[in-house]
Amino acid sequence: MSDAANITITLPDGSQKQVPAGTTVGEFVKTSIGVGLAKAALFAKYDGAEVDLTHEMDHDGALAIFTPKNPEGLDLVRHDAAHIVASVVQRLFPGTQVTIGPTTDEGFYYDFHREKPFTPEDLEAIEKAANEEIKKDLPFTRREVSKEEALALFARLGEKFKLEIIEDIFAKGAKTLSLYSHGDWVDFCLGPHGPSTGRVGVIKLLSVAGAYWRGDHRNAQLQRIYGTAFFSQKELDAWTHQQEEARKRDHRKLGKELDLFHFHPAAPGAAFWTAKGTSIYTTLSHAMRRMCLANGYQEIKTPLIYNKSLWETSGHWGKYRENMFLILDTDTDASLPAEERASSSLKPMNCPSHYLFYQIKRRSYRELPLRLHTQDVLHRNEAVGALSGLTRVRQFQQDDAHIILMESQISDEVATLTKLIAKVYSAFGLEFTAKFATRPAMKIGDDALWDKAEAALEAALKATGLAYELKPGDGAFYGPKIDFDVADSIGRKWQLGTIQLDYNAPERFNMGYIGADNAEHRPVVIHRAIYGSFERFIGILIEHFAGAFPTWLAPEQARIVPVAERHIEWAEEVARQMRAADLRVEVDTSQGMLGAMIRDAQLAKVPYTLVVGDKEVAAKSVSPRTRGTGKEADLGITPLDVFLAKITKEAEIPY
RNA sequence: GCCGCUAUAGCUCAGGGGUAGAGCAACGGUUUCGUAAACCGUAGGUCGCCCGUUCAAACCGGGCUAGCGGCUCCA
């Protein structure tokens with residue numbers, strides 16, 4: 001189709017153009033498509049690969065142009081922004097070494113090595129200089145160099161982290177390394193980059209944080225500068241506003257405002273739940289218990305403290321002791337290390353309890369799958385720096401279960417479980433992502449068992465048709481797992497539900513069952529949680545609903561507001577009838593102005609505010625008002641029995 | 001655990017080397033009111049804790065504790 005001098009370029013609409021080989025993407029767009037697009041273009045995808053506009057096309061292929069209108073365009077300029085920030089940091093703070101600077105969902109970061117930490121004032125100076133660099137509109141230029149050239153260049157610059165990365169890149173089989181420069185600053189990078197620094201509209205630096213080289217805490221401590229970039233100040237302002245709105249949903253803020261839970265320095269990582277918060281907790285607990293009992297589970301309770309010997313059998317003593325609250329034997333020598341003085345520990349997980357429970361008697365294949373559900377209190381000694389509101393605590397309860405079953409039952413059980421999880425999450429309107437995590441470095445059991453477990457779990461997951469992401473090395477120490485993640489208000493993802501397959505525990509605990517053949521067999525264990533933990537789940541729900549819980553979950557489902565003192569009697573009668581129908585109701589007897597009482601109820605995010613005055617008393621009715629402002633929130637005068645029927649239905653557990 | 005930041009009244013926050021301030025909430029009184037804030041008054045704090053510098057520390061320095069943003073880890 002093409003002769004030696006010409007190549008055929010296919011555009012996304014299917015049209016084809018012939019141009020001389022060696023034409024750059026930029027020239028092609030300008031001459032064959034249009035000046036407007038040429039001006040807007042940032043980079044292109046040519047024959048499946050992302051390339052710069054200066055890339056010379058040398059063969060037939062499809063070409064797609066990306067501009068600020070594409071999400072990929074924003075990601076690209078943020079990558080440009082990371083380079084710009086790194087360049088000004090090295091100019092302003094000589095001696096600082098660069099490492100890596102990728103983009104994130106919300107912006108970018110760049111990790112630096114420098115003895116002195118960056119101060120907030122430093123950040124301001126860097127941000128100012130970075131934005132000046134944008135105004136200079138310096139072109140990004142690319143060139144390819146050999147390994148030797150690359151090593152020589154970065155050795156001369158004194159960039160020892162970069163030298164390590166270069167060795168890695170070539171070790172993985174790269175033939176050359178691409179360098180990108182703007183001004184006199186150079187970094188290596190796969191690219192592509194935009195045409196010039198001017199195309200990055202505005203850079204905003206957000207924070208500086210510690211990070212470890214290659215993500216390993218044994219390595220050098222780096223300083224990570226987080227930032228974001230937008231094409232215009234207007235877009236940045238809109239994003240900033242959106243961030244502020246998201247922060248208003250923060251469960252730590254709302255938990256205090258709505259009086260749901262509190263923390264005290266005397267018990268870091270362990271919540272005090274108010275009556276309202278406890279109401280949410282117990283409603284969720286009851287809902288899960290009910291669902292489990294309806295789906296072939298039995299609920300059991302087990303001890304909270306166990307002898308060290310149990311943890312040795314389970315493998316926790318070796319692989320999880322750092323996270324366990326040990327109970328020291330006071331008779332022992334105080335100079336000995338804690339793990340030698342410990343005789344027992346608070347349980348950090350329910351699994352060993354359930355294995356002991358299973359072992360209480362001989363089990364038959366007819367009992368399998370044996371599904372044990374427990375909501376006991378667990379303690380994990382989390383690192384102080386890891387604690388965060390309700391999403392990361394030291395004391396919590398899981399909606400935990402262990403399913404002891406035959407290998408042949410795994411697939412069906414995993415399918416049933418993913419359906420249950422999807423059902424619960426959809427009842428809240430929560431969107432989740434699934435991850436499949438395989439054996440970690442810190443593990444028990446031989447590789448043959450892991451091979452078997454990973455294969456069985458992934459096959460079961462595939463059979464459900466659910467989309468999932470692969471997380472190699474992220475499994476529990478005893479088995480591979482499927483994790484279900486939900487994002488909080490500021491986009492951080494938290495693991496909630498989990499399904500974990502365990503071939504190790506049955507071996508360690510020598511678990512068996514008598515099969516139909518009257519012989520002893522080894523079962524398999526599935527660990528699963530749907531909420532994950534009540535604490536984290538409630539934290540996520542608070543943010544998801546911005547504190548405005550659905551009626552069935554709201555701690556106060558209705559508040560009755562008497563217009564004047566003479567209406568209190570009917571208000572109390574309404575409350576009595578509603579409480580008799582198991583509804584959670586309060587009467588506002590504060591005798592404030594009506595508007596003020598309604599405002600209080602609205603701020604408390606009570607689903608229904610029931611105004612009662614002369615008209616309502618006379619008609620044995622209420623005037624319900626939903627959450628929200630203005631006339632549309634007012635449902636008008638409603639007979640009490642009609643309203644009762646409506647709210648009772650809304651108070652039903654949806655799963 | 002690591003890096004950085006923060007800590008003033010129940011909450012949100014101002015102030016600042018020389019006897020501590022506001023709004024809301026609380027409490028008392030007046031008001032009895034029709035769909036997002038009535039009015040007047042009262043009370044409330046060893047400025048997170050310890051040590052140091054200073055004639056004098058809430059303010060400056062150090063340590064600790066807790067919280068926040070990340071890293072590591074994790075439900």
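Sequence lines set the chain letters: A, B, ... in the order given, protein chains first and strands last, and positions in each chain run from 1.
Take Phe118(A) and apply the ring pair (Phe, Tyr, Trp, His ring centres under 6.0 Å) test, not counting sequence neighbours, and it matches Phe93(A), Phe112(A). Residues satisfying the ring pair (Phe, Tyr, Trp, His ring centres under 6.0 Å) criterion with Tyr281(A), sequence neighbours excluded, are Trp273(A), Phe534(A). Listed by chain and number, the residues in a side-chain hydrogen bond (donor to acceptor under 3.5 Å, both in side chains) with Lys160(A) amount to none (sequence neighbours excluded).
Looking at heavy atoms from C-beta onward, Glu573(A) lies out of side-chain contact with Val587(A) at the 4.5 angstrom threshold.
Out of C5(B), A75(B), C33(B), the shortest distance to the side chain of Pro120(A) is found at C5(B). Among G70(B), C74(B), C71(B), the nucleotide with an atom closest to any side-chain atom of Arg392(A) is C74(B). Listed nucleotides U32(B), U72(B), A66(B) differ in distance to Ala564(A); the shortest reach to its side chain belongs to U32(B). When distances run from any side-chain atom of Gln221(A) to the nucleotides A66(B), C2(B), A75(B), the shortest one goes to C2(B). You'll find that the side chain of Ala386(A) is closest to C73(B), out of C73(B), G69(B), A75(B).
Position along RNA chain B of the nearest nucleotide to Thr119(A) versus Thr391(A) favours Thr119(A) as the more 5'-ward residue.
Using modelled atom types, one side-chain atom of Lys347(A) and one backbone atom of Pro303(A) make a donor-acceptor pair closer than 3.5 Å.
The shortest distance between the side-chain N/O atoms of Arg566(A) and the OP1/OP2 oxygens of C33(B) is below 4.0 Å. Proximity of Arg218(A) to the phosphate of G1(B): no side-chain N or O atom is located under 4.0 Å from OP1 or OP2.
Using a 4.0 Å heavy-atom criterion, one finds that Val393(A) contacts the bases of the nucleic acid, with or without backbone contacts as well. Lys481(A) comes within 4.0 angstrom of the backbone, heavy atoms only, and of no base. Looking at heavy-atom distances under 4.0 Å, Gln495(A) makes contact with sugar-phosphate atoms alone, never a base. Asp614(A) comes within 4.0 angstrom of a base, heavy atoms only.
In this structure, Arg289(A) is not positioned above the aromatic face of Tyr297(A) in the sense of NZ or CZ being under 6.0 Å from the six-membered ring centre and within 45° of the axis. A cation-pi arrangement is not found for Lys204(A) relative to Trp239(A), the charged atom failing to lie both closer than 6.0 Å to the ring centre and inside a 45° cone about the ring normal.
Applying the salt bridge (charged side-chain N to carboxylate O under 4.0 Å, His left out) test to residues at least two apart or on different chains, the pairs with a partner in residues 208-230 of chain A are Asp111(A)-Arg224(A), Glu164(A)-Arg214(A), Asp168(A)-Arg214(A), Asp216(A)-Arg218(A). Residue pairs that meet the salt bridge (charged side-chain N to carboxylate O under 4.0 Å, His left out) test with at least one member in residues 484-501 of chain A, sequence neighbours left out, are Lys435(A)-Asp485(A), Asp488(A)-Arg492(A). Within the structure, every pair that satisfies the salt bridge (charged side-chain N to carboxylate O under 4.0 Å, His left out) test and touches residues 472-482 of chain A, not counting sequence neighbours, is listed here: Lys481(A)-Asp483(A).
In the region residues 372-382 of chain A, proximity to RNA chain B at under 4.0 angstrom, judged on heavy atoms, holds for Arg380(A), Glu382(A).
Judged by distance alone, with hydrogens and angles left aside, Tyr226(A) brings no side-chain donor or acceptor close enough to the base of G4(B) to form a pair under 3.5 Å. Side-chain to base pairing of Arg114(A) with C3(B): no donor and acceptor N or O lie closer than 3.5 Å to each other.
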Anything under 3.5 Å between a donor and an acceptor, one on a side chain of residues 632-640 of chain A, the other on a protein residue two or more places apart or in another chain? List them.
unit_1: Asp634(A); atom_1: OD1; unit_2: Gly636(A); atom_2: N; d: 3.0
unit_1: Thr638(A); atom_1: OG1; unit_2: Gly636(A); atom_2: O; d: 3.0

Distance-only criterion, 3.5 Å: show the donor-acceptor pairs between side-chain atoms of residues 595-602 of chain A and protein atoms not counting sequence neighbours.
unit_1: Gln602(A); atom_1: OE1; unit_2: Gly628(A); atom_2: N; d: 3.2
unit_1: Gln602(A); atom_1: NE2; unit_2: Thr626(A); atom_2: O; d: 3.3

remark   = Its contact letters, B for base, S for sugar-phosphate only and - for none at protein heavy atoms under 4.0 Å, make nucleotides 35-47 of chain B read BBBB---------
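Here the closest heavy-atom approach between residue Pro117(A) and residue Gln223(A) is recorded as CA-OE1, 3.0 Å. Minimum heavy-atom separation, Tyr531(A) to Leu284(A): OH-O, 2.8 Å.
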All N/O contacts under 3.5 Å from nucleotides 8-14 of chain B to the protein, with atom names and distances to one decimal?
unit_1: U12(B); atom_1: OP1; unit_2: Lys256(A); atom_2: NZ; d: 3.4

key: Bracket notation of RNA chain B in which parentheses pair within the strand, [ ] cross earlier pairs, and | pairs with another strand (Watson-Crick or G-U, under 3.5 Å)   = ((((((((.[[[[.)..(..]]]].(((((.......))))).....[[[[[..)....]]]]])))))))....
